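A short write-up of the structure that comes next.
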Amino acid sequence: DQRTQGLNCSEPARAIKAIDKHSVHQICSGQVVLTLATAVKELVENSVDAGATNIDVRLKECGAELVEVSDNGKGVEEANFEGLTLKHHTSKLRDFSDLIHVETFGFRGEALSSLCALSNLSVVTCHVLSQVGTKLVFDQKGHLVQQSPHPRQQGTTVSLQQLFYTLPVRHKEFQRNIKKEYAKMIHVLQSYCIISTGVRITCSNQNGQGKRSTVLSTSGSQSMRDNIGAIFGPKQLQSLLPFQQAFATENVLEEYGLKEADLPKQLFSITGFVSRGDHGVGRSATDRQFFFINNRPCDPLKVTKLVNEVYHMYNRHQYPFVALNIAVASECVDVNVTPDKRQIFLQEEKLLLAILKTSLINMFEYFFYIMAEPVTQSRKSSLNLAGLKAAFSSHHSFPSGNKSSVAKAANIGPTQKTLQSFFKDTVKPTNCTLGVRSPLKTSKDLSKSSPVGNSVLDGFRYGTTVRDTDSSCDVTMGTPDVQCSGQEFSSPEPAADGLGVKDETFEETSGDNYTVPEEVELQTGPVTSNEDCPVSPDAKRARTEKPHFTKEHESNSSSSHSEKSSLMVDTSVCCQRRTVPLKFSFQELAGKMKRLQERQEQRDGENLRYRRFRAKINPGENQSAEDELKKEISKDMFKQMEIIGQFNLGFIITKLNSDIFMIDQHATDEKYNFEMLQQHTVLQGQKLIAPQKLHLTAVSENVLIENIEIFRKNGFEFLVDEDAQVMERVKLVSLPTSKNWTFGPADIEELIFMLSDSPGVMCRPSRVRQMFASRACRKSVMIGTALSVSEMRKLLVHMGEIEHPWNCPHGRPTMRHLANLDIISQD
């Protein structure tokens, strides 16, 4: 049959032939222009390369119907009309060697040719030497099919109609996600607005037969800072720091494996702006981060990651606004990597990262130093932020501590050792002042003991770990080693009583008696001065040079009941052994083993039973436990659950088939109340005395106007003036208030950001969610409340009525699987 013939490789191999040029053109064009953002980017780059000082981007239906880019550049000469849209025709370079020194955005000659294959493309142009303009119409192959005179001033206009209509699948996907494509295009266009100094760029959009609205606009300023202000408003400018380049320090160079002697000097020149590091001025996402290499917008992944990591050292909950231009010699850059030229290869990239890291740390620490230190206090060396905080907390917590230990604590840095590391290695404290003659205070000096000692022992009594910055003293309940430096450690009698620790009394050279809690252990060696002395964690009991204070004494004291230690001598103990005969039979053993095997086979023959719930009740496995519950439990199953009872006045034990579950009564009720508040609460607005200007960007204004009903449900009222200038079209007239909660422009910006990702979806600002969560918590069933069966049933039914029943608004789990009765052995 045909299948066997197909399997037999008897057919001759097909000949390798060249693909026809039209197919090649269509295949390659779809790889060059992938999105709306790429199409607009290519046209704007052509305008900038043509020397334009005024570029106008006009869209219809967010670019789905029409994309039109006009400029006042040099225009196209008549001799270049034919080759304008042919593949790999360009005026930017002649051979491959020119690629090293190319300074224009475009150089491959692919953009217009690809756009011809993907849309209906027409061009209206007027060269600087021409008297009248010309309209050019091209077919999908890029061939000129129509040429006619057309009135126009100097410059060029390129129009794209029905983008991607030649690729049905991509065209359908493009129209379905047009809002996201439009938002990405605006972000790309913003990068060209920032870097193109001296060029006025405007973008507008028209939906249906409505009025054309301006999306963004720059004034053609020669300053990058002015361009940022024109796009994002004056409020953004107030939070920016100008980038100050510094050469990489030796430590940072070593981190990247570089040696200063082998590095080129002044290879990179970095300019731009970064957000301040204090909380509140950053962004909730990386939506305003722009990087340029030789004025070319790009996506340097390692640079982006580094900038965010350094920023998170100072503001861990937000992301910075970034606009950085890296100038470097053209022979050290390779821009011909990807079709959209967004990925760029650099020589000496590690040096660039080292320079960026050093510069950003210096900028942020200098800013925090200025904010934290008084103006009168001047220091020549830059302070480490973590060290400054450590010194500050040490100074205020222990005013009596010596200055040397404070200074050393300030140099600790942001890294902290784990407790386990203190018990693995020998630790040298900062300054150990334990003397030979008086390693511990006498019990009669308890009233004079320092508050530090009391706080340490209090933490010791309750099984906690107390870390003293000044004295470097760690005390842990389960590990009785004590590391002390800087201060003497006192041991009050009440602490020993509270712990139930037996006392050991021993004689010292001075003849005084010292009371030592058994759990507190110190090693005192033959130290002759107050110099630094190591306290080894291997020392298990206090030792002196007295021969009678030995391990035998240690073991006896730990086993006796409230006895005073004395010289103890091991005595021989006579143990009587008794022999008991045991009956054993291999036949009986074999019979039992056979019965066990038969029982096991019988179980295996039954229906397959598997563990549907494997996650443990552990904070580290919350996500896996939640995923299992989502997979195995549907909403209607809550009504089918059998209530076994209430446990510990806080948890409901339920059974579904053979699975046992534990449900947190407070978290469950809180989540139900929270979702009800989210769905049904309409916040009331408070009218303002005078309308307040918001100074939103043009993009944000459009998002707000398109989703104004969602803002009204959240209690915000606006006055919209379509005829006003950009960034002044929307004014706030009413703010939501609810008891002690007040809201403002920051909540509006958060809503705009959320709606830009998911337009038309009802959402709430985070502070509104916090308010609802707080109210839901207070009105819910509390832990410690006894519930009847009907009340427990009501909570179960409510769990089946909410969207996300697996955790409360504060993240506390509502339900966990305890056991499966089928898996538990019946033996």
Side-chain angles (χ1 to χ4, degrees), residues 317 611-681 683 714 738-741 754 761-821:
H317 299 294
R611 292 182 60 187
R612 298 186 300 163
F613 302 95
R614 296 179 177 271
K616 299 178 182 178
I617 302 179
N618 187 316
E621 298 190 26
N622 278 346
Q623 187 58 49
S624 57
E626 185 175 329
D627 293 340
E628 288 176 351
L629 290 169
K630 286 180 181 177
K631 179 182 177 181
E632 301 292 343
I633 304 296
S634 60
K635 291 184 178 181
D636 57 344
M637 290 182 180
F638 289 105
K639 296 180 180 179
Q640 303 171 11
M641 288 184 177
E642 175 187 349
I643 296 175
I644 297 177
Q646 187 182 23
F647 168 69
N648 207 25
L649 293 180
F651 302 94
I652 304 171
I653 307 300
T654 64
K655 178 174 175 286
L656 178 65
N657 299 327
S658 58
D659 290 303
I660 304 295
F661 297 94
M662 179 172 64
I663 297 174
D664 187 324
Q665 65 188 37
H666 175 72
T668 298
D669 197 26
E670 181 182 350
K671 189 56 180 286
Y672 174 78
N673 292 329
F674 173 77
E675 291 204 8
M676 293 301 104
L677 288 171
Q678 284 267 78
Q679 294 176 13
H680 304 297
T681 302
L683 295 176
N714 280 289
S738 181
K739 296 183 179 178
N740 295 329
W741 291 80
M754 296 165 68
V761 178
M762 179 61 190
C763 52
R764 302 278 193 183
S766 59
R767 293 186 68 248
V768 174
R769 287 176 54 86
Q770 291 174 12
M771 180 183 70
F772 287 159
S774 177
R775 291 183 181 177
C777 180
R778 290 196 298 269
K779 68 184 292 188
S780 301
V781 175
M782 293 299 174
I783 297 292
T785 304
L787 300 179
S788 64
V789 175
S790 61
E791 290 172 330
M792 290 187 277
R793 172 63 60 188
K794 181 180 178 182
L795 294 180
L796 278 178
V797 172
H798 284 170
M799 287 189 74
E801 297 175 355
I802 55 181
E803 290 295 325
H804 306 285
W806 312 119
N807 46 43
C808 79
H810 300 104
R812 181 171 158 184
T814 58
M815 176 179 175
R816 284 294 177 266
H817 180 263
L818 282 182
N820 184 283
L821 300 179

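Quick caveat, the model's predicted, so the values are computed rather than measured.
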Residue pair I652 / T668, side-chain heavy-atom distance below 4.5 Å:
no

Residues forming a side-chain hydrogen bond (donor to acceptor under 3.5 Å, both in side chains) with H810, sequence neighbours excluded:
E670

Write out all pairs satisfying ring-ring contact (aromatic ring centres under 6.0 Å, His included) with one or both partners inside residues 640-670, taking only residues at least two apart or from two chains.
F613-F661, F661-H817

Using a 3.5 Å cut-off and no angle test, enumerate the donor-acceptor pairs between side-chain atoms of residues 782-790 and protein atoms at least two apart in sequence or in another chain.
residue	atom	partner	partner atom	Å
T785	OG1	M782	O	3.1
S788	OG	S790	OG	3.1
S788	OG	E791	N	3.4
S788	OG	E791	OE1	3.4

Distance in Å, T814 OG1 paired with D669 CG, rounded so as to fall on 0.5 Å steps
11.5 Å

Listing request: all salt bridge (charged side-chain N to carboxylate O under 4.0 Å, His left out) pairs with a residue in residues 798-811, at least two apart in sequence or in separate chains.
K635-E803

Quick check: do M799 and I663 have side-chain heavy atoms less than 4.5 Å from each other?
yes

Using the salt bridge (Lys or Arg N to Asp or Glu O under 4.0 Å) criterion, which residues pair with K655? Sequence neighbours excluded.
none

Nearest 0.5 Å, please: how far is CG in L629 from NZ in K631?
12.0 Å

Does the side chain of N807 reach to within under 4.5 Å of the side chain of K671, using non-hydrogen atoms?
yes

Who pairs with K630 by salt bridge (Lys or Arg N to Asp or Glu O under 4.0 Å), at least two apart in sequence or on another chain?
E626

Qualifying side-chain hydrogen bond (donor to acceptor under 3.5 Å, both in side chains) pairs, either residue in residues 641-654, two or more places apart:
Q646-Q665

Go through the structure and list residues passing side chain to side chain contact (heavy atoms under 4.5 Å, CB included) with I617, not counting sequence neighbours.
M662, R816, L818

Side-chain donor-acceptor contacts of residues 771-778 below 3.5 Å, not counting sequence neighbours, with atom names and distances?
residue	atom	partner	partner atom	Å
S774	OG	R778	NH1	2.7
R775	NH1	S738	OG	3.3
R775	NH2	S738	OG	2.1

Please lay out, stage by stage, how I633 and W806 fare under the test side-chain contact (heavy atoms from CB on, under 4.5 Å).
CA-CA 10 Å; I633 304 296; W806 312 119; 3.7 Å; yes

Determine, stepwise, if the pair M762 / Q678 fulfils side-chain contact (heavy atoms from CB on, under 4.5 Å).
CA-CA 10 Å; M762 179 61 190; Q678 284 267 78; over 6 Å; no

Of all heavy-atom pairs between M815 and M641, which one has the smallest distance, and what is that distance?
CE-CE, 3.3 Å

Which heavy atom of N714 sits nearest a heavy atom of P765, and at what distance?
OD1-CD, 3.5 Å

Go through the structure and list residues passing side chain to side chain contact (heavy atoms under 4.5 Å, CB included) with K794, not counting sequence neighbours.
H798

Might you confirm whether atom CZ of R769 has over 12 heavy atoms from other residues, nucleotides or ligands at distances under 6.0 Å?
no

Close side-chain approach of Y672 to L795, heavy-atom, < 4.5 Å:
no

State which residues pass side-chain hydrogen bond (donor to acceptor under 3.5 Å, both in side chains) with R812; sequence neighbours excluded, sorted by chain then number.
D664

Nearest 0.5 Å, what's the CD1-CD1 distance between I660 and I653?
8.5 Å

Under the side-chain hydrogen bond (donor to acceptor under 3.5 Å, both in side chains) test, residues paired with D627 that sit two or more places apart
Q623

